[in-house]
Amino acid sequence: MTVYVKGVVFEGVDFDDPNSWKLDAYVKRGGYAALKKIIENKITQDEIIAEMKASSLRGRGGAGFPTGLKWSFMPRSFPGQKYLVCNTDEGEPGTFKDLDIMVNNPHALIEGMIIGGYAMGITVGYNYIHGEVFEAYERFEEALEEARAAGFLGDKILGSDFCFQLHGHHGYGAYICGEETALLESLEGKKGQPRFKPPFPASYGLYGKPTTINNTETFASVPYIIREGGQKFLELGKPNNGGTKLFSVSGHVNRPGNYEVPLGLPFSELLEMCGGMRDGKKLKAVIPGGSSAPVLPADIMMQCTMDYDSIAKAGSMLGSGAVIVMDESVCMVKALERLSYFYHEESCGQCTPCREGTGWLYRVVHRIEHGLGRPEDLDLLLSVGGNIAGRTICALGDAAVMPVQGMLKHFRAEFEHHIQHKSCLVPGF
């Protein structure tokens, strides 16, 4: 289920029309008008990047880094090959928005990548697609063929001297490949493990060449910005949080799904759009930005607006926009056990703190959940987490630690009850 509310990525998409994803339908709703505008008016690279900066579009993959600023890092005068990469390796638990874009509006992504290539002087791009969504991969390949046949992609685009080749690449379902440098390693045919940074991809990326990497939703937002202007996009959201954002809402709500809404929308309104809490139960907690984001209790979350700054001020992060809603029936110890197991299983094993530490986190939470916890275990969890966070090549270690820290900060009493009484504080568990 996708709900479009004053959106950008799904502007004009008819979800009831099985052909709405095709090129003809995309063009009828304004598709490729931004690319035509650039070619026909000979808009410069600097002008495009200026519009991107004015839009305040922030990376929709999780980090929230300003897109226009990232594009400006690309050395446009570099004489050799450069690369543009889309990160569609959507593996964060609770996130399912990029799959929706690939299936329902792939040409918005393609046009956004073509524009990105033009703006940064790049002629080759890759879309790295999560290995467990083959339907989306096939849909993307069909859309590429449509775009090539129509002259929007390939050599001498729309009769200009600009050439851009774009390829889909099917991954293998590893969560770690969502980390940008591990993704690059996988694209090169190697084991998907993160690289040390620096050097950063803008100077040493795919095949050792300058590379810019953005998320699927980020690229799919670009055509609107160029067509309508960065200021108009910014005004859809709020200062420093331009535009609309896709939120993948799951958990104990009546209507889970993807909701494209303006950044800055109060969480209470988003919850109402989702039909409220399932079975009339009370809201207990929300993970606002995917499984790696610290959990927030209901009283704090209900005061938040859905934007990067508000969620950060509350002590969590907007992340990928995966909103996991939990009602009063949820045992937070059990929830953390499941999350800790995921990060333990998905660690690539390259860094000792993450390889060993995520296993320790899981085993300690596991024994607390199963009535074998000790009073010192809660401090042990924080101690182990402190020896993981900030001590690994990539952020997976931090992603494993933040749920632990958030749970103990806001729901410590449930963990203490498990340890003291060998049972759950929540009825039914």
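Residues: numbered from 1 along the sequence shown.
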Exercise. Do you see a donor-acceptor pair shorter than 3.5 Å between the side chains of Asn87 and Asn215?
Worked result: no

Problem set entry | Stepwise side-chain contact (heavy atoms from CB on, under 4.5 Å) check, Ser221 with Phe233 | CA-CA 9 Å; Ser221 301; Phe233 181 85; 4.3 Å; yes

Exercise. Under the ring pair (Phe, Tyr, Trp, His ring centres under 6.0 Å) test, which residues partner His366, sequence neighbours left out?
Worked result: Tyr362, His370

Exercise. Which distance, rounded to the nearest 0.5 Å, do you find between the CD1 of Ile393 and the SG of Cys351?
Worked result: 4.0 Å

Problem set entry | Residues Asp46, Arg76: salt bridge by 4.0 Å N-O rule | yes

For this session: Classify the side-chain pair Arg29/Asn105 by whether it contains a donor and acceptor separated by less than 3.5 Å.
Result: yes

Exercise. Would the number of heavy atoms belonging to other residues, nucleotides or ligands and lying under 6.0 Å from CD of Glu272 be above 12?
Worked result: no

For this session: Would you name the heavy atoms of Pro194 and Cys348 that are closest together and state the gap between them?
Result: CD-SG, 3.9 Å

Exercise. With sequence neighbours excluded, what pairs up with Asp299 under the side chain to side chain contact (heavy atoms under 4.5 Å, CB included) test?
Worked result: Pro297

Problem set entry | Exercise: do Thr95 and Ser320 side chains pair donor with acceptor under 3.5 Å | yes

Problem set entry | Atom pair OH/OG of Tyr172 and Ser186 - distance to nearest 0.5 Å | 7.0 Å

Problem set entry | Between CZ on residue Phe140 and NE2 on residue His167, distance to nearest 0.5 Å | 10.0 Å

Exercise. Is the shortest side-chain N to carboxylate O distance from Asp309 to Arg58 below 4.0 Å?
Worked result: yes

For this session: Could you tell me whether a side-chain N or O of Glu111 sits under 3.5 Å from a main-chain N or O of Leu35, the two making a donor and an acceptor?
Result: yes

Exercise. For Arg412, does the CZ atom sit with more than 12 other heavy atoms under 6.0 Å from it, leaving out its own atoms?
Worked result: yes

Exercise. With His170, which residues qualify under ring pair (Phe, Tyr, Trp, His ring centres under 6.0 Å), at least two apart?
Worked result: Phe134, Tyr137

Exercise. For the side chain of Asp398 and the backbone of Ala389, is there at least one donor-acceptor N/O pair under 3.5 Å apart?
Worked result: no

Exercise. Between Glu217 and Lys97, does at least one N-O distance fall below 4.0 Å, as a salt bridge requires?
Worked result: yes

Exercise. At what distance, to the nearest 0.5 angstrom, does CD of Glu142 lie from CG of Leu23?
Worked result: 12.5 Å

Exercise. Mind checking whether Met302 and Phe267 have side chains closer than 4.5 Å, heavy atoms only?
Worked result: yes

Problem set entry | From NE2 (His344) to OG1 (Thr358), nearest 0.5 Å | 6.0 Å

Problem set entry | Aromatic Phe411 / basic Lys409 pairing, under 6.0 angstrom, 45° off normal | no

Exercise. Is the closest side-chain heavy-atom distance between Met273 and Val261 below 4.5 Å?
Worked result: yes

Exercise. Side-chain donor-acceptor pair under 3.5 Å between Thr88 and Glu90, yes or no?
Worked result: no

Problem set entry | Spacing of Leu84 atom CG and Asn214 atom CG [to the nearest 0.5 Å] | 7.0 Å

Exercise. Closest heavy-atom contact between Glu179 and Cys394?
Worked result: CG-CB, 3.6 Å

Problem set entry | Worked check of side-chain contact (heavy atoms from CB on, under 4.5 Å) between Ser347 and Leu396 | CA-CA 7 Å; Ser347 173; Leu396 190 144; 4.2 Å; yes

Problem set entry | Intermediate values then yes/no, side-chain contact (heavy atoms from CB on, under 4.5 Å), Ile311 and Asp307 | CA-CA 6 Å; Ile311 299 297; Asp307 59 81; over 6 Å; no

Seminar exercise, completed: Residues passing the salt bridge (charged side-chain N to carboxylate O under 4.0 Å, His left out) test with Glu185, sequence neighbours excluded, are Lys190, Arg195

Problem set entry | Taking every non-hydrogen atom, the tightest pair across Pro353 and Ile388 | O-CG1, 3.4 Å

Seminar exercise, completed: Between Val295 and His410 the two heavy atoms that sit nearest each other are O-CD2, 3.3 Å

List the atom pairs, donor and acceptor, that lie under 3.5 Å between side-chain atoms in residues 112-126 and the rest of the protein, sequence neighbours left out.
unit_1 : atom_1 : unit_2 : atom_2 : d
Tyr118 : OH     : Ile43  : O      : 3.1
Thr123 : OG1    : Gln81  : NE2    : 3.1

Exercise. Are side-chain N/O atoms of Glu92 and Tyr175 paired as donor and acceptor at under 3.5 Å?
Worked result: yes

Using atom types as modelled, flag every donor-acceptor pair under 3.5 Å from a side chain in residues 275-291 to any protein atom, sequence neighbours excluded.
unit_1 : atom_1 : unit_2 : atom_2 : d
Lys284 : NZ     : Val330 : O      : 2.7
Lys284 : NZ     : Glu414 : OE2    : 2.5
Ser291 : OG     : Tyr343 : OH     : 2.6

Exercise. Looking at side-chain heavy atoms only, is the closest gap between Val85 and Leu184 below 4.5 Å?
Worked result: yes

Exercise. Counting heavy atoms not belonging to Trp360, are there more than 12 under 6.0 Å from its CH2?
Worked result: no

For this session: Go through the structure and list residues passing side chain to side chain contact (heavy atoms under 4.5 Å, CB included) with Arg139, not counting sequence neighbours.
Result: Trp21, Val103, Pro106

For this session: List in chain and number order the residues that pass ring pair (Phe, Tyr, Trp, His ring centres under 6.0 Å) with His107, two or more places apart in sequence or in another chain; answer none if no residue qualifies.
Result: Tyr26, Tyr32

For this session: Check the pair Phe247 / Met306 against side-chain contact (heavy atoms from CB on, under 4.5 Å), numbers first and verdict last.
Result: CA-CA 9 Å; Phe247 291 101; Met306 300 306 295; 3.6 Å; yes

Seminar exercise, completed: Between Pro403 and Leu339, the two heavy atoms sitting closest are CB-CD1, 4.1 Å

Problem set entry | Which atom of Cys274 lies closest to which atom of Val249, heavy atoms considered | SG-CG1, 3.6 Å

Side-chain donor-acceptor pairs of residues 8-16 under 3.5 Å, sequence neighbours excluded:
unit_1 : atom_1 : unit_2 : atom_2 : d
Glu11  : OE1    : Arg227 : NH2    : 2.7
Asp14  : OD1    : Asp16  : N      : 3.0

Exercise. Taking side chain as C-beta onward, heavy atoms only, is Pro201 less than 4.5 Å from Glu180?
Worked result: yes

Exercise. Got Leu144 and Ile110 here, is their nearest side-chain heavy-atom distance under 4.5 Å?
Worked result: yes

Problem set entry | Within-4.5 Å side-chain heavy-atom neighbours: Trp71 and Val222 | yes

Problem set entry | Enclosure of Lys191 NZ (heavy-atom neighbours >12, cutoff 6.0 Å) | no

Problem set entry | Asp161 atom CG: more than 12 heavy-atom contacts under 6.0 Å | no

Exercise. Residues two or more places apart in sequence or in another chain: which of them pass side chain to side chain contact (heavy atoms under 4.5 Å, CB included) with Lys42?
Worked result: none

Seminar exercise, completed: Residue set satisfying side chain to side chain contact (heavy atoms under 4.5 Å, CB included) with Lys232, at least two apart, ordered chain then number -> Tyr224, Glu228

Let me check something: any side-chain donor-acceptor pairs from residues 202-213 under 3.5 Å, sequence neighbours excluded? List them with distances.
unit_1 : atom_1 : unit_2 : atom_2 : d
Ser203 : OG     : Phe200 : O      : 3.1
Thr211 : OG1    : Leu206 : N      : 2.8
Thr211 : OG1    : Lys209 : O      : 2.9

Problem set entry | Over 12 foreign heavy atoms within 6.0 Å of NZ, Lys37 | yes

